[in-house]
Structure formats: C-alpha cells, structure tokens
Amino acid sequence: MAALGGFLFATAHSLPMAVAGRLLNGLGMAGVMSSSFTLFSRWFAPETFSRLCTLFFIAGGMGGLLATTPLSLANHWVGWRLVFLALSVLTCSLTVIIYTVVRDWPPHLAATCSGIRLADVLRDVAAMARQSDFWKMVVWYLTLPSQYFVFHGLWGAVYMGGTFGLSPSLIGNILAMGAVGFIAGTPLLTWISEKRLKSRRKAMVLASLLACVSGAALSLGSAGLSVPLLFVVSLGLGIAANGPCPVGYATGRERFGNRMVGSLSGILASSVFVGGALLQLISGALLSFAQQAGLSQPWTWAFAPLALLAAVSALAAWLLPETFVDKK
C-alpha cells in the first residue's frame, strides 16, 4: 500500500490523485510500528525489547534527517517526482525482502502458534481499557511525544521567521536539532533507564521534566531567546519528545505482556498523532486569540500548552508502576 501510494503521488496530475497517494502511503506505513514491535516480542528476549525499539526509532530519526537537507538537494537535482518514484521502488523492494526473509514466529513456536484474529485484538483492547495503567500510558503519549508536532512540525518556522527574522537556512538548521535529538535521545534515554536509573518510570518522568523546562523557556522567553538558546530548546524538545518512546513501549510490554504488544503499540502510536493534531490546533487557536486581543507576546500563549502538558505527562509517568527488572 505504501509503495502504491508513493507511485500515485509521484505520477499525480491532479490534487485528488495526490491526496489519494498520500493517504495510501500513510495507511501502508501505519502498520509498521505495531508489526515490528510484535515481531520483536516474539523473536527476542524480553530484556532486549527496549533496545530493539531504540534501534527502530533511530532508523526513523535517520529517515527524518534524510527528509530535510538531503531530500531538498535531491529535489533540486532530479525533481520531486523522480525522488518519490525512487522511494516507491525502494519501498517495493523492501517489501519483497521482508516477505521473503522475515517470519511471524521463531521455528520452535511456528508449529503451535497461529495468527491473531480481529476478535482477539478487540478482546485485548477491552481488557487493557479496564486497567488504569493503560490510560496513564495513553495520557503520557498524548501529552509528551506529540509535542514534537507543535514546534518542529508546524509553528517553529513561523515563530522564528516572524519574531526574529531568521533566514530559512538558519531556521532549518535549528529545526534539524530536533531530528538530532530524535536520533541521539532514544539510545540516551534507554541507557539512562537501564544502566543508570534502572527504572522505566523515572526515565519517562525525567524526559517529561526536560520537555517542561524547554516548553517553559520557549513560552516565557518567546520574544527574547537568542539563536544559541533556540538551538538548545529545539534539541531539548527533540530529546524529550522522542527519546523516551522506546522506554514507554518497553513499559507497556512488561506491564501487559507479549500478546498485547501489537494492539498496545498501535493505540499508543495513534495517541501520539492524535495528540499532535490537537496540540497544533490548540496552539493555533491560542495564537489567534492573543493576536486578536492585541497581546504583546502572542507566542507566549501559543507555546504555553507545551510546558503545561509536559507537567501532566510527568504526573502520568510518576503514577505508573515500576516494571524494570535488573536481570543481573
């Protein structure tokens, strides 16, 4: 589906065709995370799960980094249609490799295990929904990882260009620090969780506090931040919003078991995108309100939800039970 969506987008000659291509691409990629995490839980030892998730997120961060300056250069050299066509071919090739090589179950379990039916998924989701820890995790994913979409995904470039008059290239470099935080933050937070704090819950709280400080600096100092501080804030938000995600998924696996990993990761990943969309709308509404009211610092209002919701995520993480077990 993703490869077909990429092909449709690359060859689109009308807006509906382009939208259909992007829709197919998104639907195809939506299954990647839950499928991958389910395979991790089946094939590898439980204590390696968070590290495997870390590698998964590092790969995603590398993709995000490639989608900045490298993609812009490729677009300049060969045009966006050829770029997306090449990505479609690459996706199709990876699909063939995965279908040929990857197996749903390890050999010693393949004979006794079967696929999961929709009824099984619905039953698992209903069972999780009856437990408060599930909702604490949903709140955490709604309020922390989703913050990446507000500054890096939408309002950051508008804010820096309008408030400070920065050049597009400098704005791009500042926002790229979020991708650096995305890539570096995942192994860093996993290492802190497993080697230093020996705690999933404390690592999630630590990330929430980092987001709270970064969001507060962005809100309270919206009119007076220097360029070096903008780099630091962008990096801090990138680390805080994405770094602890593997730790969170490991917490879910340890709390609810291997069988529910796929369903849980799908719901939590959806929470991130739902939260991101809502936060973008809320920040935009607050910005519009502040501008119409003639307030002197409208961006203070627009970025205020980041710090407030980071505090909510810290509380949600703190209320979770500790699931980490030191195998040594």
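The residues of the chain are indexed from 1 along the displayed sequence.
The neighbour count for F273 CZ, taken as heavy atoms of other residues, nucleotides or ligands under 6.0 Å away, does not exceed 12. Atom CE of M62 has 12 or fewer heavy atoms from other residues, nucleotides or ligands within 6.0 Å. Shown here is F256, whose CZ atom has more than 12 heavy atoms of other residues, nucleotides or ligands within 6.0 Å. The local environment of CH2 in W318 is sparse, with at most 12 non-hydrogen atoms from other residues, nucleotides or ligands closer than 6.0 Å. Within 6.0 Å of CH2 on W301 lie no more than 12 heavy atoms contributed by other residues, nucleotides or ligands.
By the 30° and 60° cut-offs, the orientation of the rings of F182 relative to F57 is tilted.
The ring of Y159 has its center closer than 6.0 angstrom to the ring center of F303.
Although no hydrogens or angles enter the test, the distance criterion places no donor-acceptor pair under 3.5 Å between the side chain of W299 and the main chain of L220. With S263 contributing its side chain and D124 its backbone, the two residues share no donor-acceptor pair below 3.5 Å. Of the possible polar contacts, one joining the R81 side chain to the A12 backbone as a donor-acceptor pair under 3.5 Å is found. No donor-acceptor pair closer than 3.5 Å links the side chain of T48 to the backbone N or O of F44. The backbone N or O of L319 lies less than 3.5 Å from a partner atom in the side chain of K136, making a donor-acceptor pair. Between the side chain of N25 and the main chain of A2, a donor-acceptor pair closer than 3.5 Å is present. Here the side chain of S88 pairs no donor or acceptor atom with the backbone of F84 at under 3.5 angstrom. Within the 3.5 Å criterion, the main-chain N or O of G215 finds no donor-acceptor partner in the side chain of S219. Of the possible donor and acceptor atoms, one in the side chain of T186 sits under 3.5 Å from a partner among the backbone N and O of I183.
Taking 4.5 Å as the limit, every side-chain heavy atom of V233 sits out of range of all side-chain heavy atoms of I174. Annotation: side chain of S41 is in contact with side chain of F49 (closest heavy-atom distance under 4.5 Å).
F164 and V232 are assigned to two separate hydrophobic clusters, defined by single-linkage of ILVMFWY side chains at heavy-atom distances under 4.5 Å.
A salt bridge links R200 with E254: the distance from a Lys NZ or Arg NE/NH1/NH2 to an Asp or Glu carboxylate oxygen falls below 4.0 Å.
Under the rule for a salt bridge (Lys or Arg N to Asp or Glu O under 4.0 Å), the partners of R123 that lie at least two apart in sequence or sit in another chain are D120. Take K202 and apply the salt bridge (Lys or Arg N to Asp or Glu O under 4.0 Å) test, not counting sequence neighbours, and it matches no residue. With sequence neighbours left out, Y148 forms a ring-ring contact (aromatic ring centres under 6.0 Å, His included) with H152. For Q280, there are no side chain to side chain donor-acceptor pair (under 3.5 Å) partners, not counting sequence neighbours. For R196, the salt bridge (Lys or Arg N to Asp or Glu O under 4.0 Å) test picks out no residue, with sequence neighbours left out.
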For residues 242-252, which side-chain donor-acceptor pairs fall under 3.5 Å, sequence neighbours excluded?
from, atom 1, to, atom 2, distance (Å)
N242, ND2, G238, O, 3.2
T251, OG1, V247, O, 2.9

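To the nearest 0.5 Å, atom CZ of residue F231 and atom CG of residue L225 are 13.0 Å apart.
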